[in-house]
Amino acid sequence: MHRVNATVLNSAEHTPVLVVGAGPAGLAAAAELGLHGVACVVVEPRTEVSHLRPRAKTTNIRTMEHLRRWGVADSLRAAAPLPVAWSQRVTFCESLSGRRITDFDNAFGLTVERDDRYAEAGQQVPQPVVEEVLRHHVRGLPGVDLRLGHAATDLVQDEEGVTVTIRDDAGISYLIRARYVLGCDGASGVVREQVGVRYAGRSDLRPNFNLVFRAPELDSPLGPAVQYWVVGERSAGVLGRLDLHGTWWAILPGVEADYGVRHAEELIAGLVGHRVEHELVATDTWTARMLVAERFRERRVFLVGESAHLNPPWGGHGFNTCVGDAVNIGWKIAAVEHGWAPTRILDSYEAERRGVVEQTVRSAESNLAALANALPKDAEAIQTAKHAEFHSLGLVLGYSYAGSPIVQPAGLRPRASDGEETGYTPTTEPGSRLPHRWLPDGSSLYDRLGAGFTLVGPIRADRAGVAVLVERAEQLGVPLTLFEPPPGDVRREEFLLVRPDQHIAWRADAVAGIDLDLAVGSAQRGRGVPKAKQEADAS
């Protein structure tokens with residue numbers, strides 16, 4: 001085991017948490033830690049966010065709900081170049097100026113209508129814009145130290161913490177000592193390599209070629225769409241607007257890098273249906289990878305986001321899954337740091353996220369079977385092949401943490417079928433996301449939840465049981481908010497203990513049946529009668 005001598009420790013800066021990498025995962029982790037008042041240092045080698053390669057372009061409903069918790073959902077929508085009202089459609093066509101084949105409306109959870117099932121609709125917005133909004137947000141959080149131009153180069157763990165070597169943009173190295181390190185530095189980052197964790201999975205052999213180009217005069221008679229899937233003979237691929245001022249992106253499957261660079265003008269003309277005056281801004285080539293790390297934790301180091309998993313972009317789940325990872329580990333580290341949960345709660349990070357990640361990777365991989373260059377020009381066939389890619393509400397909102405060591409024991413929820421990945425049925429099953437609804441005053445149920453745990457149910461109907469639970473929460477130091485839904489709400493029919501991440505930890509007909517100790521990791525399963533029930537019986 002590596003040991004760090006006292007001289008080295010004395011020369012190091014100290015922080016509770018070091019976040020390595022400030023892409024979506026790292027910034028989300030900083031936002032979550034900052035929400036709970038936990039200090040952290042975030043290091044990121046990029047001083048500026050590049051808009052040349054926009055990468056992800058879909059911020060899904062669940063991620064937008066997390067942005068709402070952090071208070072930045074409206075800021076992101078204001079910064080997004082494409083308002084949701086502009087289009088919620090994916091169009092399949094023979095070319096941008098050719099025949100329409102079929103449409104998918106309200107794709108990716110895009111809607112301008114309120115829906116009881118969720119607090120925020122999806123948002124089409126390039127990843128660089130998301131990063132800029134989150135950079136601005138975390139800079140304003142007390143205790144969050146965002147250091148751009150700084151990169152981790154080495155780390156050493158011991159029983160008490162992790163010592164990480166950091167190099168700044170002047171080439172000067174220094175040390176940071178952290179109790180926990182979050183590796184949010186992606187597939188090629190140093191953290192996963194330093195802790196010796198490998199990926200398992202496969203890569204697709206087919207190349208993909210990306211283009212970003214400016215064509216201010218380009219438009220389509222097919223009308224606005226967030227994506228145009230061109231099923232054509234001259235070119236086959238996907239393209240769409242990055243903004244409303246003439247900047248476009250395109251992905252052409254099966255095109256080699258050298259060919260793509262030499263024939264970019266022809267490829268664009270094939271997608272559009274005719275030659276168009278344009279400026280080529282950037283090109284990029286990539287292969288689809290379906291990889292999951294063999295483990296998400298190595299003692300005090302946690303792999304978050306693409307350092308833990310990689311999947312193809314088809315379906316728009318990549319960076320959104322990374323945000324889910326960051327939220328999950330973030331609130332749990334905060335619970336440990338504030339002393340109301342033991343360190344073993346951190347064991348639940350991989351127990352909860354691995355199943356979600358594996359299901360997401362499988363879903364994205366299944367979408368590889370029907371890329372634009374492999375689809376027929378047939379509306380019915382396209383609707384059958386691509387429905388799950390654009391309507392995946394079950395995958396986005398329906399995943400469950402049932403089976404987790406900190407969720408009420410019950411029969412394990414089976415893995416979602418294809419139908420469950422597309423359709424979403426709200427449920428109060430422990431482990432599931434709390435079913436949302438809009439309250440009579442127009443506010444969101446989620447806005448009434450506390451930053452810690454929240455007891456939702458008929459509070460006034462079981463005052464004695466609630467008093468016992470509140471007392472136990474005070475003994476443990478667990479922040480607990482009480483919320484009684486309005487008359488007529490089905491959530492008044494049972495008691496739900498809701499976690500900081502809006503997932504249900506426990507469900508009971510009476511408050512005495514809720515085991516708060518287990519929900520925060522202060523007790524282990526199989527130890528008999530829940531303490532809350534013992535105290536209620538004794539009273």
Side-chain angles (χ1 to χ4, degrees), residues 17-21 24-26 28-29 32-33 62 66 155 157 162 178-187 189 191-201 290-311 317-337 341-364 395 399-409 412-413 415-416 430-433 499-505 518-522 524-525:
V17 185
L18 174 64
V19 180
V20 179
E32 188 69 21
L33 292 166
R62 189 67 185 120
H66 289 311
L155 66 84
Q157 291 200 69
V162 189
R179 281 193 286 276
Y180 302 102
V181 169
L182 302 185
C184 304
D185 51 346
V191 174
R192 184 179 56 84
E193 178 184 356
Q194 287 281 308
V195 297
V197 174
R198 296 175 298 178
Y199 286 127
M290 289 67 68
L291 302 173
V292 179
E294 58 188 355
R295 58 187 183 279
F296 292 0
R297 178 185 185 182
E298 180 60 31
R299 293 187 288 162
R300 291 178 174 269
V301 176
F302 297 85
L303 302 181
V304 182
E306 289 191 344
S307 64
H309 49 83
L310 294 167
N311 60 260
H317 306 300
F319 104 81
N320 294 289
T321 311
C322 300
V323 171
D325 295 346
V327 169
N328 190 285
I329 190 59
W331 78 261
K332 292 169 182 175
I333 287 179
V336 173
E337 285 297 300
T343 57
R344 68 165 165 259
I345 196 174
L346 304 179
D347 294 336
S348 68
Y349 168 59
E350 180 168 351
E352 293 184 349
R353 291 303 297 171
R354 177 170 286 278
V356 177
V357 164
E358 290 177 344
Q359 182 177 342
T360 303
V361 172
R362 286 194 303 271
S363 177
L395 185 66
Y399 62 86
S400 173
Y401 293 143
S404 164
I406 58 170
V407 169
Q408 181 178 6
L412 291 182
R413 184 175 187 267
R415 288 178 175 173
S432 301
R433 165 185 162 276
R499 311 182 333 174
D501 60 359
Q502 301 166 342
H503 281 256
I504 298 167
L518 191 147
V520 299
S522 293
Q524 293 177 309
R525 292 189 181 204

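For the single chain, residues carry numbers from 1 onward in sequence order.
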Review point. Who pairs with Leu291 by side chain to side chain contact (heavy atoms under 4.5 Å, CB included), at least two apart in sequence or on another chain?
Key: Tyr199, Arg289, Leu310
Point to revise | Those residues that, when tested against Glu337, pass side chain to side chain contact (heavy atoms under 4.5 Å, CB included) (two or more places apart) | key: Pro16, Val38, Arg179, Tyr180, Ile333
Revision key, fill the gap. For Ala326 and Ala28, the nearest pair of non-hydrogen atoms, with its separation, is CB-CB, 3.7 Å
Review point. Do you know the tightest heavy-atom contact between His317 and Asn311?
Key: C-ND2, 4.5 Å
Of all residues at least two apart in sequence or in a different chain, which pass the side chain to side chain donor-acceptor pair (under 3.5 Å) check with [X]?
| X | value |
| --- | --- |
| Glu350 | Arg354 |
| Arg192 | none |
| Glu306 | Arg55 |

Check your understanding: What class does the angle between the rings of Phe302 and Tyr349 fall in, given that below 30° is parallel, 30 to 60° is tilted and above 60° is perpendicular?
Key -> perpendicular
Review point. Heavy-atom distance under 4.5 Å between the side chains of Val19 and Val304, does that happen here?
Key: no
Check your understanding: Mind checking whether Val191 and Ser307 have side chains closer than 4.5 Å, heavy atoms only?
Key -> no
Practice item. Walk me through it: do Leu18 and Val162 pass the test side-chain contact (heavy atoms from CB on, under 4.5 Å)? Key: CA-CA 9 Å; Leu18 174 64; Val162 189; over 6 Å; no
Could you state the interatomic distance from [atom1] ([X]) to [atom2] ([Y]), rounded to the nearest 0.5 Å?
| X | Y | atom1 | atom2 | value |
| --- | --- | --- | --- | --- |
| Asn320 | Arg62 | CG | CZ | 11.0 Å |
| Arg344 | Ser522 | CZ | OG | 7.0 Å |
| Ile345 | Ser404 | CD1 | OG | 8.5 Å |
| Glu32 | His66 | CD | NE2 | 7.5 Å |
| Asp501 | Ile329 | CG | CD1 | 11.5 Å |
| Asn328 | Arg353 | CG | CZ | 6.0 Å |

Side chain of [X], backbone of [Y]: donor and acceptor closer than 3.5 Å?
| X | Y | value |
| --- | --- | --- |
| Arg295 | Leu303 | no |
| Arg499 | Gly431 | no |
| Thr360 | Val356 | yes |
| Asp325 | Gly305 | yes |
| Gln408 | Pro430 | no |
| Arg433 | Gln502 | no |

Exercise for review: Please assess Val361 against Thr321 for the test side-chain contact (heavy atoms from CB on, under 4.5 Å), listing each intermediate value before the final yes or no.
Suggested key: CA-CA 10 Å; Val361 172; Thr321 311; over 6 Å; no
Check your understanding: Which residues pass the ring-ring contact (aromatic ring centres under 6.0 Å, His included) test with Tyr401, sequence neighbours left out?
Key -> Tyr399, His503
